[in-house]
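Excluded from the calculations below are hydrogen atoms, water molecules and symmetry mates; all remaining heavy atoms, backbone and side chain alike, are included.
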Amino acid sequence: MMRKKRRTSVDKGEGAAVSTKAKKSRSTGRGTSNEIAVDQVVFHKRLQKQIQKSPRYPEIIQEFITGLEAHIEDPEKFRNCLLPCVPQLSDAAAGSFQESLLRMLLGIEMLQTFIINTLLEKIPEFMLDVAGEGGLSIPHMIINQLKWLDRVVNSKELAAKLMELVSVAPVEVQRDIITSLPEILEDSQHNDIAKELNSLLQENTQLTVPILDALSSLNLPSPLLTEVRGAVMSTLAAVQLEDLPVVVKFILHSLSASDAYEVVCNLRKKIDLEQCVLPTVLQASQSCLKSKVAAMTASTAAAATATAAGRHQDSVTLTLDCIKSAVRFQKTISEAWLKAIESVDEAQEHKVIDLLLLFILHSTNANQSRRGAERVMRGYFPSIVAVAQNLLRSPDPCVVPFGGHMYRHSFTAFDSYCQQEVVGSLVTHVCSGVGGEVDMALELLCGLVTEQPSEMALYAVFVKGILDYMDNLTPQQIRRLFHLLSRLAFGQQHQGSHIQDDVHIVIRKQLSSTVPKYKRIGIIGAVMIVGSMGGFMPKVKDSQNGSLPQETFRQVTGLLELVKSSSESSPEAAALYYDELASLILTSTLDPQVQDYIGKSVLDDFQDDFVVDLGPEITGSFPFLACVKYNLDEEESQGGIAINLLPLMAKDIQNKAEQQCQTKKAQKRVSPLCLSPFFRLLRLCEEKQHQGDLEEIDALLGCPLILTDMDGAVEKIESLSKTEREFLCTLLFHTINWFREVINAFCRQKETEMKIKVITRLQNITNLQTLLERALAGTPGYVPPVANFDGESTDAVLLSSFLPVNKPKKDGTGRKRKAPGKSSSESSSQLDEVTETNETQQAQPEKEKEKEIWQGVNLVSYRQFFRELDMEVLSVLQCGLLSRSLLNSELHTKVREEVLLGPAELVFLLEDMLCKLEFSLTASPAKRPLSLREGWIKVWENSHNYFQLLLSENNGVLDGPATDVQEYQLMSSGYQLLLQVLNTTFSWSGFSQPGQRSLLKKALGVFAGRLKEGGAEATLEQLVKHSFEYLLNFCSTMPSLSTALCLSQLLSTLSEKGGNPAAYREQTASIAKRFLSQNWVTASGEKERGTKFNEALHTLLSIYLEHADDVLKAVEEIAAEGIPELLNASKDESSASWPTLNRQTILVFYKVMMAELDKATRKIPAGKISDNTEAQSEKLLTWNLAVRDFHILINLVKVFDSRPVLNVCLKYGRLFLESFLKLGMPLLDYSFKRHKEDVQSLLKTFQLSTRQLHHMCGHSKIHQDTSLTNHVPALKKSLELFVYRVKAMLTLNNCQEAFWMGNLKNRNLKGEEILSQKSEGSDDDEDEDDDEEEKQHSPLPQEQSGDEARESDSAQSKQINREEDMDQDDTTDDSE
């Protein structure tokens, strides 16, 4: 029993009055739910029994209701009666959950009608109130009391009262009542209530969702449901997009088979989902939002627009989900949709929903639906192929893959006719010759052959047709084509065997051609066929012991012999064959028989062709004296082997001359051109056969070469003939390429002796490249031997410029020696470097001889003529100090040999690493960068320690007398290259992809781990912070400005990875300023200068200003402090506070400051009429600073009046003026009345700047400098617009009388009047402009008083006031 109601409900005294009970009931305490002492069922029975047994029954019922009504007059008590009762804790018999008091009373049939009436009468009292305490709505709680009653005594009357209440209630209460109707009313009332809801639906679209929800839950007969559905369908066009999912769900609800087609057709016609693929809905939502958020800020409006767009997309998705659910669970609906789409006669009548429905039908598990969708799509196959063709030909790379998917799925889903059309279309793409189109089509064909070889084999004859169009294909595309054809013709299933003969014929024809291009095609094709025929096939029925059938093995070996014999007479063809075969062995798994055959023949041929036994002397006649060089196995010099390079070169030249004279038929030529490719093939064969062990050929790592005295030959190169010079250069190229391939082969070996020899070979390469630079400088017009043989390499080289490497595969890196202070990794013309070096030589003649040694050709331009280094070679960077013990002849005295990676070798490897990174990471964001290794970081720290030691030894300077210039330059280059490698790695766009977050954390962990342990558990933000702190430690040892720039860029890049770049802005700006305030000198003590220095300075200054807290103050600091210091200094001196600012770099500073000033002003928010006084004052102050900076920079032209400075000033002056007109003038419009003096001051300062711009325009015309006059028309237009814009501002503020316009005379930069007006006739239409209204013939008005002139001038009007005022201003400016 309820504690507060016990005496009211059960009064053992028969004379107890109900009123007494009611009074006791009202004494319930506030703020707590009613408590019940017994279970609600017991309470229900006892109360009903007491009422029925009362002598005043049935009158007591009315008394009870009256008492109850009095009790619930108190809102708090009424709320408690609506809340569930709380069981009395002391009574274990009570259940855990009890209904509310009113809910239990509603269960008593004799009381139910009265209580319902009471509750419904209570709803109007609370329907306008917001949710009460705890977020509870009283009307909602009342309606919940009526749900799921065991029996409703008078259901019809209840329904009528509820609908009557709906007609007057607010929308929220209406929705609550309507959605609750199925749970309140009995089934007998469903028909009547459905009719009333149907009528209500026509009247009030706001209630669409709750009404349809209710109708879906009512038990309605089919005719009534059809009627309601028709009514709903008629309102479909007016339904809001947010309500559409509910409407569609109802329409498809309980759809009978007979009605399905008709309903679906009507639904398809009325539903409009174009907004899911077109921007119209977004535009509509934006226009709607604009009207609603007129007072909102731009950022808030943008956020609201984005939210609305997302909401619309969600509604479309939910609608499609409703359709998908109906299609999946109701077969009749899926069939109806298919039939409706099929019944469309004209293609123009199709709608977006048709395509979406076909996708939905195809995605369902029902095979019949899938087949139906495919059947419908089949009818539109020509359109599908046409769309795919256009997408594949699109210049936009984003849509090309979608066209590829359309082709692929069309081939998979449709019949054989369509498959044939798909293949034919793809073949057409390949034959088009357009690079991207060909690549994508070949990729699709290869994918189809891999996924569905049996189906593709049927159309092999179509693919074979591409062979007639190979002239337009690149070697890489030819490689893919033959890979495709070989898979079709010689695949494991042999479905395409009918084209085998045709492919063989084409290959033989190409191999027998004397044209190098066609022979290359034949070699590439033959090797691809060997890969397919000789591939490892563990389960072949006709094979013995899992090996290749003998007939197939015979065909493979025969084809290999054919290629070998066809290429013997052409070294280029033979080298290509070796490279192609090596690539096949590296990327494929060949049958053991084929692998053994190739390995044995390669080993024998290599020994016969290139290896000789060392004898006491070398016989033969050669252009240079032959000798054994670069022997790393001195103790085995007797009976050892050597690479017979010099004799082979001499013989090859002789053979070439004989063939040109046609004295001999074409025969096998053993050319040194084949040495490196042949060894690469030999090495890969040995690795495959012996699981990476190269013991069989390890003697080739240390064996010498038969060469000549390279150093002596290069020293006297000027005395050699042209033929001898070219012979020497070719010998150097072949030797370097041999060592590069040797390093590729043995860099993975673990033995210390091997590692020592690899590093020694690296040292040999760097020494030889030094000689080669000098040799090439003395051999103009020389074309090196080809190192990449697929026909994509360049046949000539430009000595004065850098040639970028465009090949995707061959990107081997050469290296150059640098002029002092120059970085070998930066691309600039050799001419610039020579010029800068010459300047240095003139400054210090005593070092002239030393510097001549370092002058040479930039080997970066020759990169394609070097063999590519493998990625594994970079592991050499992790090698520390290597040592080994050598025994003398008595085997007891030990000699210790130590080898360490030197600066030259470090630079060589880092240049190659940077080249590979830049190519791979910029080519595709899908590629993974090199993993950051601690060994590389240690190399970087060692470089830092080197310069730190130099500083300590030389009393804080790097260019001390004991500094080794050559070593310093190499270490400086290595230091910079390491920073560039790190910056390139962390700049990789792939880190922004979610899947690469762990990779980024791992890379940052290497940095953070050097500073603090436990980096594995740190968050990304913590790792960025620790990495940033770690990098700051290197700021003190920057050897050059270029290196300092790389560190600043790396810090800036890292700061963007942590999600809060603003936290590092101040530090980044501080570091950049520190570098800008530092004197930069070379190892020889000269100041850094030149084009590269200026480029680095430009970027570093931009970084400083971009990261500065206040760009305007930073610009003012340089312009108002640094530049005056420069003006007061002597010609060769720099600014005291900004040592990098001197007369050679003033243009760099000026351009950057003007550009950053323009960027800063564009970020100032435009003035709005709604701005308060404080906001207006803040914006005015910002514009005052900007205009003051602009004025200072413009006036600098009077001192620094060179053409480049004028060009910068005219360009950025116009941009600043346009920004002021667009963003500043609206602010002045609204601020003039409140801040009149500030506005006048700003305009007066700005007028002085615009007047100077006008003088520059006159100067440009007089000098007729087209580079300057190109800027004049647009600038004059902006100046004139400025005049009238100020006039408009004054008119807006009722001060138009303060504006007057005068005539401004043409003057030069010094303020002197330009008397000659010869150009006036052609410029009359441009001569008008305020500060720039230059009607030159009219005298300046003089009548106005000084006060009037001052007012118009400060009011900015562009008054071009009295001439003496203007002249005075000009004189003042000139004196600055």
Determine whether a donor-acceptor pair (N or O, by modelled atom type, separation under 3.5 Å) exists between the side chain of [X] and the backbone of [Y].
| X | Y | value |
| --- | --- | --- |
| S217 | D213 | yes |
| T450 | C446 | yes |
| S425 | E421 | no |
| Q98 | Q40 | yes |
| E99 | M104 | no |
| Q112 | G107 | no |

Side-chain H-bond candidate by donor/acceptor type, N144 with K147, under 3.5 Å: yes
Drop me the distance from [X]'s [atom1] to [Y]'s [atom2], to the nearest 0.5 angstrom.
| X | Y | atom1 | atom2 | result |
| --- | --- | --- | --- | --- |
| I138 | I143 | CD1 | CD1 | 11.5 Å |
| I142 | I123 | CD1 | CD1 | 5.0 Å |
| L318 | K324 | CG | NZ | 13.0 Å |
| Q330 | E335 | CD | CD | 11.5 Å |
| E196 | I211 | CD | CD1 | 11.0 Å |
| T226 | D259 | OG1 | CG | 4.5 Å |

Exercise: identify the closest heavy-atom pair between [X] and [Y]:
| X | Y | result |
| --- | --- | --- |
| L252 | I333 | O-CD1, 3.6 Å |
| H190 | L185 | NE2-O, 3.8 Å |
| G403 | A388 | O-CB, 3.8 Å |
| R103 | W148 | NH2-O, 3.0 Å |
| G404 | L444 | O-CD2, 3.5 Å |
| D176 | S180 | O-OG, 2.7 Å |

Using the test salt bridge (Lys or Arg N to Asp or Glu O under 4.0 Å), find all partners of [X] that sit at least two apart in sequence or belong to another chain.
| X | result |
| --- | --- |
| D150 | none |
| E125 | K122 |
| E437 | R393 |
| E262 | none |

K1057 NZ: over 12 foreign heavy atoms closer than 6.0 Å: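 Yes - once you tally the heavy atoms of other residues, nucleotides and ligands closer than 6.0 Å, there are more than 12.
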Enclosure of E1021 CD (heavy-atom neighbours >12, cutoff 6.0 Å): yes
From CA spacing to verdict: side-chain contact (heavy atoms from CB on, under 4.5 Å), F126, V173: CA-CA 10 Å; F126 299 95; V173 178; over 6 Å; no
Could you give the side-chain donor-acceptor pairs of residues 154-163 under 3.5 Å, partners two or more places apart or in another chain?
from : atom 1 : to   : atom 2 : distance (Å)
N154 : OD1    : E157 : N      : 3.2
N154 : ND2    : E157 : OE1    : 2.6
E157 : OE2    : K161 : NZ     : 3.1
K161 : NZ     : N117 : OD1    : 2.2

Derivation of the side-chain contact (heavy atoms from CB on, under 4.5 Å) call for M456 and F411: CA-CA 9 Å; M456 277 296 295; F411 187 90; 3.7 Å; yes
Residues in side-chain hydrogen bond (donor to acceptor under 3.5 Å, both in side chains) contact with T428, at least two apart in sequence or another chain: none
side-chain hydrogen bond (donor to acceptor under 3.5 Å, both in side chains) against S416, all qualifying residues, sequence neighbours excluded: none
Partners meeting ring pair (Phe, Tyr, Trp, His ring centres under 6.0 Å) with Y407 (sequence neighbours left out):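 Applying ring pair (Phe, Tyr, Trp, His ring centres under 6.0 Å) to Y407 gives H429.
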According to side-chain contact (heavy atoms from CB on, under 4.5 Å), who are the partners of [X], at least two apart in sequence or on a separate chain?
| X | answer |
| --- | --- |
| P210 | R175, I178, T179, L207 |
| V387 | L391, M406 |
| V344 | R268, E349, H350 |

Pair L445-V449, side-chain contact (heavy atoms from CB on, under 4.5 Å): steps then yes or no: CA-CA 6 Å; L445 288 170; V449 169; 5.5 Å; no
Side-chain touch [X]/[Y], heavy atoms, less than 4.5 angstrom:
| X | Y | result |
| --- | --- | --- |
| L426 | V423 | no |
| I177 | Q174 | no |
| Q419 | Y459 | yes |
| L197 | L218 | yes |
| L1023 | L1000 | no |
| S100 | L83 | no |

Selection residues 219-235 - residue pairs positive for salt bridge (charged side-chain N to carboxylate O under 4.0 Å, His left out), sequence neighbours left out: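 For residues 219-235, and leaving out neighbouring residues, there are no salt bridge (charged side-chain N to carboxylate O under 4.0 Å, His left out) pairs at all.
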Criterion side-chain contact (heavy atoms from CB on, under 4.5 Å) on Y261 and T332, from CA distance to verdict: CA-CA 8 Å; Y261 175 68; T332 55; over 6 Å; no
